[in-house]
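To start, the structure under review is shown below, and the notes come after it.
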Amino acid sequence: SLICGQSNSIFGSGSEIFRNQYCRTFGNNYSHSRGDTLWTYSNVAQNGGGANVGEWGLILQKMLLEKNHIPTVVINGGVGGTPIESHLRNDANPTMLSTIYGSMLYRVQKANVLTAPRMIFWYQGESNAPTNYYNNFKTLYNSWKKDYPSLEKFYVMQIHTGCSDANASQVREILRILPDSLPNIVGHTPFGIPGHDGCHYDINGYHNIGGQLYKLLARDFYSSSDTVAISAPNIKEAFYTDSAHQTICLVFAPKESIIQIPNDTTISGIAASIRDYFYVDNDTSSIASITTNGRNAVFLHLKKSSQATTITYLPDVNYNNTSAVYEGPWLLNQRGIGAFSFWNVPLAQQPPLSVRSGSITFENIHIEFIKNTSNQRPTIRMQVLEPTQIRLVICDILGREVRELNNSRLNIGEYLYPTDKLSSVLFLRVITPNGTETLKFIP
């Protein structure tokens with residue numbers, strides 16, 4: 001395995017936490033000497049150098065040995081405080097030892113394991129503004145693919161709030177969406193991991209990072225059965241659920257995520273509520289409350305109707321109107337994995353037309369279409385199993401609302417809604433306080 005980035009890719013406690021003949025590295029971290037070509041036991045140092053693979057890098061080796069009985073080699077090329085530009089390949093001299101890229105590549109070549117690395121981990125971005133970050137990463141990614149032809153997965157960590165540029169939200173956004181644009185990238189985020197000091201982590205924090213990353217690579221390479229909710233929840237869709245634009249729905253992937261809303265808390269003397277760290281456009285005070293559907297959707301209930309077109313989760317660096325680094329609260333899934341931060345995600349003006357055909361059972365509602373054979377006029381039959389506020393809307397194929405059938409609280413019982421004779425597909429949107437579903441009916 002290869003690891004690279006800046007300080008959070010290489011830092012450690014400075015004390016030996018594990019030493020084993022089956023957990024090795026080669027040469028010295030960011031060495032400029034061609035004589036540093038010895039095999040040695042992996043270790044951790046405070047700030048890099050020597051046979052250091054980083055605290056969480058060594059945890060990965062330890063867990064692979066103990067859980068999968070696999071001997072490993074990790075070569076870590078991370079260097080603290082370095083922008084992505086410092087990591088780029090010198091195409092005229094790829095193994096130039098005075099470059100970060102060349103120093104690591106030289107070690108891999110001398111170790112005669114050039115075709116061995118199957119994965120690379122990248123934890124970097126604190127020293128960068130968003131300008132050209134994507135293009136520089138793509139250049140680096142293509143260089144890795146060229147020089148390390150056996151690479152199968154590229155694990156990319158989103159950076160934490162703190163110790164970063166004033167536009168850190170935008171850098172985090174680029175890191176978040178990299179898997180959408182480049183093959184074989186697996187994204188992850190450190191949010192929710194305790195022990196962050198505003199820039200780095202204590203030993204337990206780095207151990208947690210290693211543990212979370214281990215689950216991902218064990219799933220991807222070693223057929224681990226521990227696969228549920230090990231990925232960081234990532235925003236998939238954001239839209240207004242109602243025509244009044246007073247509720248926003250955020251849908252997260254993977255679908256099995258069960259999003260947890262944290263309680264208000266006080267951290268370092270600062271009273272913080274998660275609702276104040278969702279920015280509707282740039283407004284920090286527009287959300288009255290937050291709920292979930294008990295699964296992978298979060299609902300932001302606004303204080304008033306909004307015409308905002310974007311939604312952001314988490315600040316650049318600090319708590320609102322303070323100079324203190326933001327350290328939570330966080331959105332977490334059922335296993336305590338933090339959700340990716342996101343920046344200026346577009347807000348759709350109505351729910352997306354993600355539909356089911358036939359009939360649906362949604363929350364405590366069952367809905368189906370009944371076709372009257374005498375006049376070909378379909379009727380919507382809805383069975384309500386618990387009293388619920390329900391809005392039923394017929395939509396066109398673009399998801400635009402055409403006709404409202406109900407917008408009231410319904411008691412237990414059966415309800416029939418005759419519709420006009422259909423010559424094309426009908427879409428019925430069902431909206432409750434806990435979520436939205438759309439049903440498709442073909443005449």
Side-chain angles (χ1 to χ4, degrees), residues 228-229 236-261 288-302 334 348-443:
V228 176
K236 179 182 177 184
E237 296 170 330
F239 54 88
Y240 291 102
T241 66
D242 57 330
S243 57
H245 286 192
Q246 287 191 289
T247 301
I248 295 169
C249 179
L250 309 175
V251 180
F252 289 83
K255 194 171 184 178
E256 72 265 16
S257 301
I258 301 175
I259 304 298
Q260 316 291 311
I261 304 297
S289 63
I290 301 178
T291 60
T292 78
N293 65 346
R295 299 192 300 275
N296 65 324
V298 171
F299 298 92
L300 309 179
H301 306 283
L302 308 183
Q334 66 268 40
Q349 299 302 296
Q350 61 274 318
L353 204 60
S354 176
V355 300
R356 304 187 197 180
S357 298
S359 64
I360 58 173
T361 299
F362 174 57
E363 303 295 333
N364 294 301
I365 307 163
H366 179 76
I367 298 177
E368 60 183 337
F369 286 90
I370 305 169
K371 184 179 290 187
N372 186 319
T373 56
S374 62
N375 60 15
Q376 297 297 304
R377 188 182 186 192
T379 295
I380 298 164
R381 179 166 67 185
M382 179 169 64
Q383 294 174 300
V384 179
L385 305 180
E386 287 187 8
T388 309
Q389 177 72 29
I390 301 173
R391 185 166 180 259
L392 293 181
V393 183
I394 294 175
C395 302
D396 65 16
I397 196 169
L398 298 177
R400 296 173 297 199
E401 296 184 0
V402 175
R403 178 183 168 195
E404 185 175 77
L405 301 178
N406 182 78
N407 190 6
S408 64
R409 184 175 178 83
L410 298 179
N411 292 320
I412 296 172
E414 181 177 275
Y415 299 83
L416 300 176
Y417 299 92
T419 66
D420 296 331
K421 184 176 179 179
L422 298 178
S423 59
S424 60
V425 177
L426 179 147
F427 297 96
L428 178 71
R429 182 171 293 143
V430 188
I431 303 165
T432 75
N434 293 322
T436 298
E437 291 281 356
T438 303
L439 178 63
K440 177 171 68 175
F441 174 68
I442 302 174

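All values below were derived from every heavy atom in this structure, side-chain atoms included, with hydrogens, water molecules and symmetry-related copies excluded.
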Exercise for the section: Verify side chain to side chain contact (heavy atoms under 4.5 Å, CB included) between V298 and I290, making sure each step is shown before the conclusion. Expected result: CA-CA 7 Å; V298 171; I290 301 178; 3.5 Å; yes

Look up atom [atom1] in [X] and atom [atom2] in [Y], then write down how far apart they are to the nearest 0.5 Å.
X	Y	atom1	atom2	value
L410	N364	CG	CG	13.0 Å
T292	I259	OG1	CD1	8.5 Å
L300	T247	CG	OG1	8.5 Å

Handout entry: Stepwise side chain to side chain contact (heavy atoms under 4.5 Å, CB included) check, L428 with L405
Key = CA-CA 10 Å; L428 178 71; L405 301 178; 4.0 Å; yes

Under 3.5 Å: donor-acceptor pair, side chain of [X], backbone of [Y]:
X	Y	answer
Q334	I258	yes
Q389	R409	yes
N296	F252	yes
Q383	R381	no

With side chains defined as the heavy atoms from C-beta onward, is the minimum distance between [X] and [Y] less than 4.5 Å?
X	Y	value
P387	I412	yes
I365	E437	no
V430	L392	yes

Practice task
Go through the structure and list residues passing side chain to side chain contact (heavy atoms under 4.5 Å, CB included) with A238, not counting sequence neighbours.
Solution key: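 Expected list: L250, I311, V345, L347.
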
Practice task
Kindly write out the residues that satisfy side chain to side chain contact (heavy atoms under 4.5 Å, CB included) with T291, not counting sequence neighbours, or none if the list is empty.
Solution key: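 With sequence neighbours excluded, T291 shows a side chain to side chain contact (heavy atoms under 4.5 Å, CB included) to F299, H301, given in chain and number order.
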
Holding to side chain to side chain donor-acceptor pair (under 3.5 Å), I want the full list of residues that pass it with [X], two or more places apart in sequence or in another chain.
X	result
R295	none
Q246	none
N406	S408
E414	none

Problem - For E256, all residues meeting salt bridge (charged side-chain N to carboxylate O under 4.0 Å, His left out), sequence neighbours excluded - result: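 With sequence neighbours excluded, E256 shows a salt bridge (charged side-chain N to carboxylate O under 4.0 Å, His left out) to no residue whatsoever.
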
Exercise for the section: With sequence neighbours excluded, tell me which residues meet ring-ring contact (aromatic ring centres under 6.0 Å, His included) with Y240. Expected result: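 ring-ring contact (aromatic ring centres under 6.0 Å, His included) check on Y240 returns H245.
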
Handout entry: Nearest atoms (heavy-atom pairs only) where S257 meets P254
Key =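 S257 and P254 have their closest heavy atoms at OG-O, 2.8 Å.
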
